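Below: one structure, written as structure tokens.
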Amino acid sequence: MDFKRKKIAPAGGFSSSQTKKKKTDWDDDGPSQFEEELAFLDEVEADMAMEMNDTYSTADVLPVDKLSENISPKWLRPPLPPIDPQQDCICFHQIELDHYIGSHIPGMLGATQGPVPIIRTFGITADGNSVCCHIHGFAPYFYVPSQSGFKQEHLNEFKKELNSAVIKDMRSNKDNISQAVLAVDICMKENMYGYHGKKINPFLKITMALPRLIAPAKRLLEQGIRFGTFPVHCYQAFEANIDFEIRFMVDNDIVGCNWLELPAGKYRIRNDGDSNNDTAKKMSLAQLEVDISWADLISHPAEGEWQKIAPLRVLSFDIECAGRKGIFPEPDKDPVIQIANMVMRQGEKDPFVRNVFTLGTCASIVGSQVLCFEKEDALLKAWAEFVRIIDPDIITGYNIQNFDVPYLINRAHTLKVGNFPFLGRMRNIKSVIRDSSFQSKQMGRRENKVINTEGRVQFDLLQVLLRDYKLRSYTLNAVSFHFLQEQKEDVQHSIITDLQNGNEQTRRRLAVYCLKDAYLPLRLLEKLMCVINYMEMARVTGVPLNYLLSRGQQIKVVSQLLRQAMKQDLVMPVVKSEGGEDYTGATVIEPVKGYYDVPIATLDFSSLYPSIMMAHNLCYTTLLQSGSIDKYGLKPEEFIKTPTGDCFVKSSVRKGLLPEILENLLSARKRAKTELKKETDPFKQKVLDGRQLALKVSANSVYGFTGAQVGKLPCLEISQSVTGFGRQMIEKTKQLVESKYTLTNGYKADAKVIYGDTDSVMCKLGVQTVSEAMEIGKEAAEWVSSHFTPPIKLEFEKVYFPYLLINKKRYAGLYFSSSAKTHDKMDCKGIETVRRDNCPLVANLINTCLQKILIDRDPMGAVEHAKDVISDLLCNRIDISQLVITKELTRTADEYAGKQAHVELAERMRKRDPGSAPNLGDRVPYVIIGAAKGVAAYMKSEHKKCENLCPLCYQ
DNA sequence: CATAATACCTAA
DNA sequence: TTAGTTAGGTATTATG
């Protein structure tokens, strides 16, 4: 008998701590692979420097406190070339845009007295110089229809103010004011109110009337939105719930991360001295700080040459703290002992700055600068200065947003390091920690800390991964393994303090570990093309980069909708959102369950919901209200009735905004794809690929937006019509396929649609080979397409052969698409193998069984295998400590009242070691500690004959 | 003990 | 001051 316990390889890249190789004596080990990699970077750099001779002059040191003698010239940005404001234009790649309340600057548009709102944007020139630009004269506003209860005395006050206004354009349009009034943006803080019958801050009154923006509102009010859902009189205000930044960007055709141009003669450069008192003093750490009026600014659409990306500086860092045994480090008690930094220019391969700040001595590390400090406060002070000198545009790391940055700020506060919390680009703005909670159906409730770093975008890799990827584990180690097949340096958390208290060699070991933790996020960012993809998303949807990480899906659609609405002279109403009835969604065709040893052709509608909206012109502005048909005397050929009974006018009467947005997105995607094919430069290819992906994702989220009942502009008539059309289409597709491909029509067999979900049908065509199935599939797709309104299109996508249909939303098959000879992959949908709430043993077992069934075509072999594994399990031949189960802990332990195993476990972990206790949203690996009732009896019974999975696995 | 309610995660 | 949708399978927990 075999008494040895079998080792089960962990599935899904998860590796429990027990399986890791333990290094007990690090001094005896040679350099790790990472150390060699670091050393290699040094060599590469030396060669480059020889060729290019690219050292920067130290003359351009930014006016911050000196960071001892360790300042390296390569930390500095390239020196600013001489600029003649009358002759030279300045172009920069804008990466952040915000606003503040400041005061008037002579020569600039806007109110001359009192506080004025100023837009501020940061960016980088093509040469890598940092720019801070103050944009003057743009005022917040929203539209108020004159008949909606706006008091006449307000209007009179407005007129008075306007008559004395300094902006001359305003005068010529003053007669519009009685028709439509532009009032304050409610997002403005401090004693300013939107118009809700409340008070209006006087300074805003005189800056409000931007004539070209009155025009559409006026027309709107005169004509009404003829076919709009929302009659004007129903709403107090239009576009009152729009963020000021978005308002500015939309009105000026600026999209997130595009290039801005300051034309020669139109801007003023700020400088440090106070010699010139009509020029404001430089307030930022940017190399170039300028003022300009909003009307003078030129925005370049992200096309052609302006698709380029400036050499942005990306800083990745990681800190280590000396925690007490078993207690999670607390910033008021536990010191920061190391901070590792990696700085890279976007588009380059390797970081050009690599260093580590250590508390206490540390032996040298080839490929990295080591900066040793005796005192912790000096270390923190120096690091903050380092950040200000490096002047990063993007700050990244792993969980920096909720751990590293707050910890550093709190620690610096405890140690009274005065200048520490100035991590942004503004000299006078302190970085403070704010708590924010964000909840959405997509991501659940998420508590976050927010730290302001003006001009620098925080790009916490953990947050990116939580948003974009569904993973079994989100530890840096697991993530690195999953994407890079690489792991962290092997240092247990518990020994960090011991390493710190050791000698310069042990601290060196810790420093290498810390460096790798700063390096890995950079590598991951690169591998996953996060920066490029996010920038393309910002450009496509028009929102600033930081919105993409801090806000939800809706703002992206709102931004596009506003832009399109402006083109058609329409304004967006404000609706109060209230939860209501759910509407019917898609159809899932009842599956004919079974194992199919014949090819199954799969036909899909490509971008089903967007194409429905385009085909039928579904939009807010085309929806007809009950009674409108008679009221406007519409002829039957001028409108359609959707399956849900809602009516929309055809595009011949009025073209909808949503269809237009979708057409633009999809045609831009087509363009990007063709450009991608032509492009040979791998960097540009990445950009284009990121772009086409962003375009696809944006198109698909438009439907969701219309159905979001707690949202900015829900319209269930649209969303339910879309799903209604979808249901009709999949049903019709099934009928068409089954009626044409029949024996009587001369085909080999009667075709049968055995399954379908939302936009796809799986067809058994009665043919024996993959290539036949492909051929008929293609023909069928084309033929069926001809029965629908363009651009709706059914496409042949793939053949499954063989195909195992277990249930609705649960199937597996070998996927043939690129070739009829060999399968591309084994495709599993909804089965345990793709779910993250199973123990890996189950996932592995089922995966192996599926392979036996589909690849080896040996179902009985699969049964035998399952029996063997269950037998091993029941006879205790599997090391139970390897049987790791992971489950999502999405609620606080209290809410569960200790009723689920993983919650119980979380509580025990907290008791034993509060430091390692799981937090909200963490995944908790745990082992079986007791079997359920009935398992013992089950084990005693004839489990050898059991063909089902052992309940143990599920316990 | 049977059934309903709920949690979780996925398909599209 | 902010949040994309519905359909649906499977396991676990609550309830009579």
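Residue numbering restarts at 1 for every chain, and letters A, B, ... go by the order of the sequence lines. Keep in mind the model is a prediction, meaning the values are calculated, not measured.
Residue A/Y811 has its side chain nearest to B/dA12 when only B/dA12, B/dC9, C/dA3 are considered. Among the nucleotides C/dA3, C/dT6, B/dT10, the one closest to any side-chain atom of A/R836 is B/dT10. Across B/dA11, C/dT5, C/dA3, the shortest atom-to-atom separation from the side chain of A/K829 is found for B/dA11. Of the listed nucleotides (C/dG8, C/dA7, C/dT2), C/dG8 has the atom at the smallest distance from the side chain of A/R835. For A/Q554, taking side-chain heavy atoms from C-beta onward, the closest of the listed nucleotides B/dT10, C/dT6, C/dG4 is C/dG4.
Regarding A/R446, its CZ atom lies at a distance of 23 Å from the P atom of C/dT1, rounded to whole Å. Atom CG of A/D435 and atom C1' of C/dT1 are 15 Å apart (whole Å). Separating the CD atom of A/E581 from the C1' atom of C/dT5 is a distance of 16 Å, rounded to the nearest angstrom. At whole-Å resolution of the value, CZ in A/R551 and P in C/dT2 are 5 Å apart. The interatomic distance linking A/K593 (NZ) with C/dG8 (P) rounds to 13 Å, in whole Å. Between A/N448 atom CG and C/dT2 atom C1' there is a gap of 13 Å when expressed in whole angstrom units. A straight line from CG of A/D582 to P of C/dT5 spans 9 Å, rounded to a whole angstrom. Following rounding to the nearest Å, A/D243 (CG) and C/dT2 (C1') show an atom-to-atom distance of 10 Å.
Base contact: A/V710 has a heavy atom under 4.0 Å from a base atom. Within the nucleic acid shown, A/Y583 comes within 4.0 Å of sugar-phosphate atoms alone, with no base atom in reach, counting heavy atoms only. Residue-level contact check: A/V722 touches neither bases nor backbone, having no heavy atom under 4.0 Å from any strand.
Scored by the side chain to side chain donor-acceptor pair (under 3.5 Å) test, A/D582 finds no partners at all (sequence neighbours excluded). When the ring-ring contact (aromatic ring centres under 6.0 Å, His included) test is applied to A/Y803, the partners found at least two apart in sequence or on another chain are A/Y800, A/Y811. In this structure A/R669 satisfies the salt bridge (charged side-chain N to carboxylate O under 4.0 Å, His left out) test with no other residue, sequence neighbours excluded. Under the rule for a ring-ring contact (aromatic ring centres under 6.0 Å, His included), the partners of A/Y469 that lie at least two apart in sequence or sit in another chain are A/F483. Not a single ring-ring contact (aromatic ring centres under 6.0 Å, His included) links A/F801 to another residue, sequence neighbours left out. The salt bridge (charged side-chain N to carboxylate O under 4.0 Å, His left out) search around A/R563 returns none, not counting sequence neighbours.
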Subject >> Step-by-step side-chain contact (heavy atoms from CB on, under 4.5 Å) determination, A/F244 to A/I119 >> reply: CA-CA 9 Å; A/F244 189 35; A/I119 299 272; 3.9 Å; yes
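Nearest-nucleotide mapping onto DNA chain C: of A/R810 and A/G585, the residue sitting toward the 5' end is A/G585.
Close to B/dC9, at under 4.0 Å from its OP1 or OP2, lies no side-chain N or O of A/K809.
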Residues 706-713 of chain A, side-chain donor-acceptor partners within the protein, below 3.5 Å, at least two apart:
from	atom 1	to	atom 2	distance (Å)
A/T706	OG1	A/Y703	O	2.7
A/Q709	OE1	A/G580	N	2.8
A/Q709	NE2	A/E581	O	2.9

Let me have the donor-acceptor pairs involving side chains of residues 728-736 of chain A, under 3.5 Å, with sequence neighbours excluded, atom names and distances please.
from	atom 1	to	atom 2	distance (Å)
A/T733	OG1	A/M729	O	2.6

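If you check residues 756-763 of chain A against DNA chain B, the residues with a heavy atom closer than 4.0 Å are A/D757, A/T758, A/D759, listed by number. In the region residues 798-808 of chain A, proximity to DNA chain C at under 4.0 angstrom, judged on heavy atoms, holds for A/N807, A/K808.
Under the 6.0 Å cut-off for aromatic ring centres, A/H616 and A/F725 qualify, their centroids lying closer than that.
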**OP:** Go ahead and write out DNA chain C as dot-bracket, 5' to 3': ( ) for pairs within the strand, [ ] for ones crossing earlier pairs, | when the partner sits on another strand, dots for unpaired; Watson-Crick or G-U wobble, both distances under 3.5 Å.
**Re:** ....||||||||||||
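With hydrogens and angles ignored, the 3.5 Å screen pairs a side-chain donor or acceptor of A/Q401 with a backbone N or O of A/K449. Although no hydrogens or angles enter the test, the distance criterion places no donor-acceptor pair under 3.5 Å between the side chain of A/S437 and the main chain of A/E447.
Evaluation of the salt bridge (Lys or Arg N to Asp or Glu O under 4.0 Å) test over residues 536-545 of chain A, restricted to residues two or more places apart or in two chains, returns A/E536-A/R539, A/E536-A/R691.
Spacing of P atoms, B/dA12 relative to C/dG4, comes out at 22 Å, to the nearest Å.
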